[in-house]
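For reference, the structure is listed below as structure tokens.
First listed ligand is number 1; within each ligand, the first listed atom is number 1.
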Amino acid sequence: MNRTLYGNLIFELSKDGRRGYSLPINQFGDFELPAELRRGEDACLPECDELTVVRHYTNLSNNNFGVDTGFYPLGSCTMKYNPKINEEVAAMPQFQSIHPEQPAETTKGALALIECLEHALCQLTGLAHFTFKPYAGAHGELTGLMTIDNYHRSRGDVSRKKVIVPDSAHGTNPASAAVCGYEVVEVKSLADGTVDVDDLRRVVDEQGPEIAAMMMTNPNTLGLFEYRIPEIAEMIHGCGGLMYYDGANLNPMLGACRPGDMGFDVMHINLHKTFSTPHGGGGPGSGPVGVREGLQEFLPFVSPYNGNYAVMMKAYAYILSLGKEHIGMVGPLATLNANYVKESLKDVYELPIDSLCCHEFVFDGLKDKSTGVTTMDVAKRLLDYGYHAPTIYFPLLFHESLMIEPTENESKETLDGFVEVMRKIAEEAINDPDTVKTAPHDTPIGRVDDVLAAKHPVLTFKQLRDEQD
Ligand SMILES: *Cc1c(COP(=O)(O)O)cnc(C)c1O
């Protein structure tokens, strides 16, 4: 990376009169824009030669960190490798150039692909139907809860105003329930990290006729398998509620078990996590919702057309390229990788729940708390060593949560490299804590003030100038 150029905005590199474009010869003759459409003064555009532009953006792109540049163990987000063939398939002009308003008889291939993907997801989940309209996981949750709401209403059962959510749930679960107009009832977790079934029984006994659904993630947000699902499903169904499965991270389940078989009625999947479509920075996503037979008529209309089609194509390409033979290895390998990293580090990082995990696990900071080095410091120091930080301070069950998800694609060598660096940071925390506490040192920008950045974001060029003046 050319560090001398870093920090310059393209506007700062601008020199009056510099030109860097070559346009094709105009074959259509001159055309005057109507005066009322023309701006009064020239647009404030940077003036640069082509080489300056190429270097500027190439240097910027080098500051990006992605799955294609390095290990990205961001727990709960499943940042797995996205095979390039997915992109090639999604870029095929036969699909890319379709307009959603095109007559259906001209888009039969594209519609068939949706059916094929639906069929594959039904096979993988044990549910009967999927809608692809939701644009993300949280949108899927809302869609699923609206489906459940429609179902209860169709039976004249309008007193069910509550949704049960375990305290370990992803924050979107209670949020979606609230957006859907439900009251959230929290159930506790046991010391082993799984749902406290006795606490749940108490809730069901007291409030059964008001329970619309229970939302669960399995493996839960701690990466632990909820082994009492059949019992829980029986309890919820017994009081007339439905079981909702948050399948954002279906990774460890592929090939291991199916939500439909466990007693879930409605679920969403994050195609952009489990099914290898690139995500980050807010998109693009796809959160298809699956239902068991009989509930499909209650699926609501939450967006026009057929959802985020390119994401669906990538997911389908991924499923086909693994095939029936290999897709079942995803879950076991993701689980193996996570347990390997966990076991290799648990003597120096605090493992609050020491059991077999699924695709991810959570440390509660460094084991040696006397150094004052926090999870934030460890995460920042990892950047110096060229790794993306794990998820930090989530889930909220521990003070110093450090949530690691390696995914199934990573080789033993990559995992060993990460383990070595994590151990090195643990040593530094004891021998040279200041270096860790002031990290990162080797990134273009050092430690930022998170609070100030959140409370007072400076997002525009002009504002940035004004601030500095
Ligand atoms: C990522 C995630 C979600 C939310 O998905 P979005 O696509 O970000 O809306 C919900 N639940 C769990 C468990 C997740 O990991």
Item to check | Shortest reach to atom 6 (P) of ligand 1 by a heavy atom, considering only P219, G137, G75 | outcome: G137

Checklist entry - Can you check whether Y245 reaches M216 side chain to side chain, under 4.5 Å on heavy atoms? => result no

Next on the checklist: Taking only non-hydrogen atoms of H272, do any sit less than 4.0 angstrom from ligand 1?
Outcome noted: yes

Checklist entry - Hey, does S76 come in under 3.5 Å of ligand 1, counting only N/O atoms on both sides? => result yes

Item to check | Atom indices of ligand 1 within 4.0 angstrom of E141 heavy atoms, with elements | outcome: 10 (C), 11 (N)

Checklist entry - Tell me, do L117 and F132 make a side-chain contact under 4.5 Å, heavy atoms counted? => result yes

Checklist entry - Checking side chain to side chain contact (heavy atoms under 4.5 Å, CB included) for the pair H268/D246: CA distance, chi angles, key distance, verdict? => result CA-CA 6 Å; H268 80 271; D246 178 340; 3.1 Å; yes

Checklist entry - Backbone, side chain, both or neither: what part of H279 comes under 4.0 angstrom of ligand 1, heavy atoms only? => result neither

Checklist outcome for this item: Closest to atom 15 (O) of ligand 1 among protein heavy atoms sits K273 NZ, 2.7 Å

Item to check | Short N-O contact, R201 and D205, less than 4.0 angstrom | outcome: no

Next on the checklist: Would you say T78 and N249 are linked by a side-chain donor-acceptor pair, where the criterion is simply a distance under 3.5 Å?
Outcome noted: yes

Next on the checklist: Can you tell whether the side chains of R381 and D384 come within less than 4.0 Å, N to carboxylate O?
Outcome noted: yes

Next on the checklist: Among S303, C180, P134, which residue satisfies the side-chain contact (heavy atoms from CB on, under 4.5 Å) criterion with T143?
Outcome noted: P134

Item to check | For ligand 1, the portion of A248 having any non-hydrogen atom under 4.0 Å away | outcome: side chain

Next on the checklist: How far is atom 9 (O) of ligand 1 from the closest protein heavy atom, and which atom is that?
Outcome noted: A138 N, 2.8 Å

Checklist entry - In ligand 1, which numbered atoms sit nearer than 4.0 Å to a non-hydrogen atom of A136? => result 7 (O), 9 (O)

Checklist entry - Can you tell me which residue and heavy atom of the protein come closest to atom 13 (C) of ligand 1, and the distance to 0.1 Å? => result D246 OD2, 3.4 Å

Next on the checklist: I'd like to know whether CD of Q102 has more than 12 heavy-atom contacts from other residues, nucleotides or ligands below 6.0 angstrom.
Outcome noted: yes

Checklist entry - With a 4.0 Å cut-off, strictly under, does atom 11 (N) of ligand 1 pick up any protein heavy atom? => result yes

Checklist entry - Nearest heavy-atom pair of T274 and Y318: which atoms, and what distance? => result O-CE2, 3.7 Å

Checklist outcome for this item: Residue, atom and distance of the protein heavy atom nearest atom 5 (O) of ligand 1 read N270 ND2, 3.0 Å

Checklist entry - Against heavy atoms of N249, which atoms of ligand 1 measure under 4.0 Å? => result 13 (C), 14 (C), 15 (O)

